[in-house]
Amino acid sequence: MPELPEVETTLRGIEPHLLHQRIAQVTVRDPRLRWPVPAEVQQAEGQRVISLSRRGKYLLLELQRGGLILHLGMSGSLCILKQPREPGKHDHVDIEMVNGTSLRFNDPRRFGAFLWTEGQFSEHPLLRDLGPEPLSDEFTAEHLYHYSRGRRVAIKNFIMNGHIVVGVGNIYASEALYMAGIHPQRAAGRVSQQRYQGLVDAIVDVLSRSIKLGGTTLRDFVNSDGGAGYFAQELLVYDRGGDDCFQCGTAVRQKVIGQRSSYYCASCQR
DNA sequence: AAAGACACCTGTCCGC
DNA sequence: TGCGGACAGGTGTCTT
């Protein structure tokens with residue numbers, strides 16, 4: 001479900017409710033997520049939340065000692081409860097604060113993660129080898145150009161590789177490549193630095209605009225307040241297979257690339 | 001080292 | 001109305 005804009009929307013939604021609060025109780029109803037929820041998460045009890053942040057699509061809760069690493073996978077979501085409420089079917093974990101507010105982790109498909117770490121977030125095995133944030137100064141055409149030399153992987157898979165750049169998921173990869181006029185199956189090593197500049201600009205633009213609109217709600221994404229994101233109505237090609245390209249009228253193609261559905265205009269994208 | 005397949009899991013939708 | 005199959009926003013791990 002969530003891509004970077006949805007995770008960022010979630011972060012902004014929960015932060016004001018949790019920052020500086022003291023955790024009273026962690027309740028794990030079902031530890032069977034992507035990795036089993038470790039018993040160490042109980043160590044969060046009694047500690048204050050020092051900061052909340054995001055690295056790629058991972059949400060990071062820094063506590064006084066140690067921290068929590070959360071990932072929403074394909075179907076996860078977080079919500080804030082101002083008072084206790086009966087848990088639903090897929091409400092796997094709750095973090096209840098001393099002031100009565102709770103953070104609830106819901107994930108039907110259980111591809112998400114809820115992990116404990118004692119060290120620095122940046123040194124955690126899941127985080128230490130990640131590429132730059134797409135909305136940071138380190139994300140440049142030079143970076144993409146440099147790491148793509150000699151590589152024959154499809155450009156769409158290349159920009160979805162978290163070791164190259166984080167946070168570009170299936171929706172926004174299709175969107176950005178369309179905006180930049182690059183065919184999703186073009187070899188990454190066959191893209192000029194000038195065209196990478198156009199791609200960088202497109203990625204920054206599409207992610208920024210989506211964050212402003214609260215993310216993309218395709219099926220069931222809701223933010224931490226239970227509201228929808230409105231970027232779906234801005235999508236140019238994603239989920240528009242067979243429909244007319246907005247630029248040239250050619251039918252938008254849908255094709256599986258790297259096991260993921262991809263959308264593009266064979267006329268506008270080369 | 002790089003590329004691709006596969007794994008994890010449930011819910012929903014579509015065609016018959 | 002029921003059933004089987006395809007598909008869904010992610011990404012670590014294993015095999016070529």
Side-chain angles (χ1 to χ4, degrees), chain A residues 1-10 29-37 54-59 69-78 88-92 105-115 124-131 134 146-177 184-190 203 206-207 210-211 213-223 228-242 254-263:
Chain A
M1 166 214 302
E3 290 208 28
L4 184 142
E6 291 74 38
V7 178
E8 180 68 24
T9 298
T10 298
R29 293 185 199 82
D30 189 345
R32 298 174 303 162
L33 299 182
R34 174 156 195 184
W35 297 280
V37 178
R54 176 185 64 68
R55 180 75 176 95
K57 296 168 192 166
Y58 291 92
L59 286 166
I69 300 175
L70 279 55
H71 197 290
L72 302 179
M74 290 278 263
S75 58
S77 63
L78 294 170
K89 188 173 182 184
H90 302 295
D91 292 334
H92 306 311
F105 181 99
N106 176 285
D107 186 5
R109 291 176 73 179
R110 291 191 274 114
F111 287 175
F114 201 104
L115 300 171
H124 191 277
L126 289 173
L127 307 176
R128 67 183 173 207
D129 298 320
L130 293 178
H146 174 74
Y147 283 98
S148 63
R149 290 312 88 185
R151 297 186 62 164
R152 287 145 63 151
V153 66
I155 182 71
K156 176 161 182 274
N157 297 340
F158 183 69
I159 61 173
M160 288 179 69
N161 179 348
H163 299 294
I164 302 300
V165 56
V166 298
V168 182
N170 202 40
I171 296 177
Y172 301 107
S174 278
E175 292 295 301
L177 288 166
Q185 281 184 306
R186 171 171 286 273
R190 295 265 187 125
I203 289 170
V206 73
L207 292 178
S210 184
I211 289 170
L213 292 180
T216 301
T217 297
L218 273 188
R219 289 161 188 86
D220 53 5
F221 173 76
V222 290
N223 61 32
Y230 294 96
F231 194 72
Q233 57 203 64
E234 305 276 317
L235 295 174
L236 300 175
V237 283
Y238 187 84
D239 218 14
R240 294 192 62 243
Q254 174 177 5
K255 182 171 187 174
V256 175
I257 301 172
Q259 283 101 271
R260 310 299 299 279
S261 257
S262 307
Y263 300 84

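Per chain, numbering begins at 1; letters A, B, ... match sequence-line order. Since the model is a prediction, treat every value here as computed from it, not as a measurement.
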*Do the ring planes of Phe105(A) and Phe114(A) sit parallel (below 30°), tilted (30 to 60°) or perpendicular (above 60°)?*
perpendicular

*With sequence neighbours excluded, what pairs up with Arg29(A) under the side-chain hydrogen bond (donor to acceptor under 3.5 Å, both in side chains) test?*
Asp94(A)

*What pairs with Phe158(A) under ring pair (Phe, Tyr, Trp, His ring centres under 6.0 Å), at least two apart in sequence or on another chain?*
none

Taking [M] as the reference, what is the distance to [N] when you measure between their [atom1] atoms (whole Å, please)?
N: dT13(C); M: dT10(B); atom1: C1'; value: 22 Å
N: dG9(C); M: dC14(B); atom1: P; value: 16 Å
N: dA5(B); M: dC7(C); atom1: P; value: 15 Å

*When every nucleotide of nucleotides 2-7 of chain B is labelled 5' to 3' by its protein contacts under 4.0 Å (heavy atoms), B for base, S for sugar-phosphate only, - for none, what sequence of letters results?*
-SSBB-

_Tyr238(A) side chain near dA8(C) phosphate (N/O to OP1/OP2, under 4.0 Å)_ = no

*His90(A) versus Asp107(A): any side-chain heavy-atom pair under 4.5 Å?*
no

*asked:* Side chains of Tyr238(A) and Thr216(A), heavy atoms from C-beta outward: is any pair under 4.5 Å?
replied: no

*Can you measure from OG (Ser174(A)) to CZ (Arg260(A)) and round to the nearest 0.5 angstrom?*
10.0 Å

What does the list of N/O pairs under 3.5 Å between the protein and nucleotides 9-12 of chain B look like, with a distance for each?
unit_1, atom_1, unit_2, atom_2, d
dC9(B), O4', Arg109(A), O, 3.3
dC9(B), O3', Arg110(A), NH2, 2.6
dC9(B), O2, Arg109(A), NE, 2.8
dC9(B), N3, Arg109(A), NH2, 3.4
dT10(B), OP1, Arg110(A), NH2, 2.7
dT10(B), O4', Pro108(A), O, 3.4
dG11(B), OP1, Lys89(A), NZ, 3.1
dG11(B), OP1, His90(A), NE2, 2.8

*Quick one: which of dT11(C), dG12(C), dG9(C) gets closest to the side chain of Asn170(A)?*
dG9(C)

_Nucleotide nearest Gln254(A) (side chain, heavy atoms from C-beta), chosen from dA8(C), dG12(C), dG9(C)_ = dA8(C)

*Which residues pass the side chain to side chain contact (heavy atoms under 4.5 Å, CB included) test with Tyr58(A), sequence neighbours left out?*
Leu60(A), Ile69(A), His71(A), Leu126(A), Leu127(A), Leu130(A)

*Starting from the 5' end of DNA chain C, give me the residue, Leu126(A) or Ser261(A), whose nearest nucleotide shows up first.*
Ser261(A)

*asked:* Counting runs of three or more consecutive pairs, Watson-Crick or G-U wobble, with each distance below 3.5 Å, where are the stems of DNA chain B?
replied: B:2-8 with C:10-16, B:10-16 with C:2-8

*Run through Lys156(A), Gln254(A), Gln185(A) and flag the one making a side-chain hydrogen bond (donor to acceptor under 3.5 Å, both in side chains) with Ser262(A).*
Lys156(A)

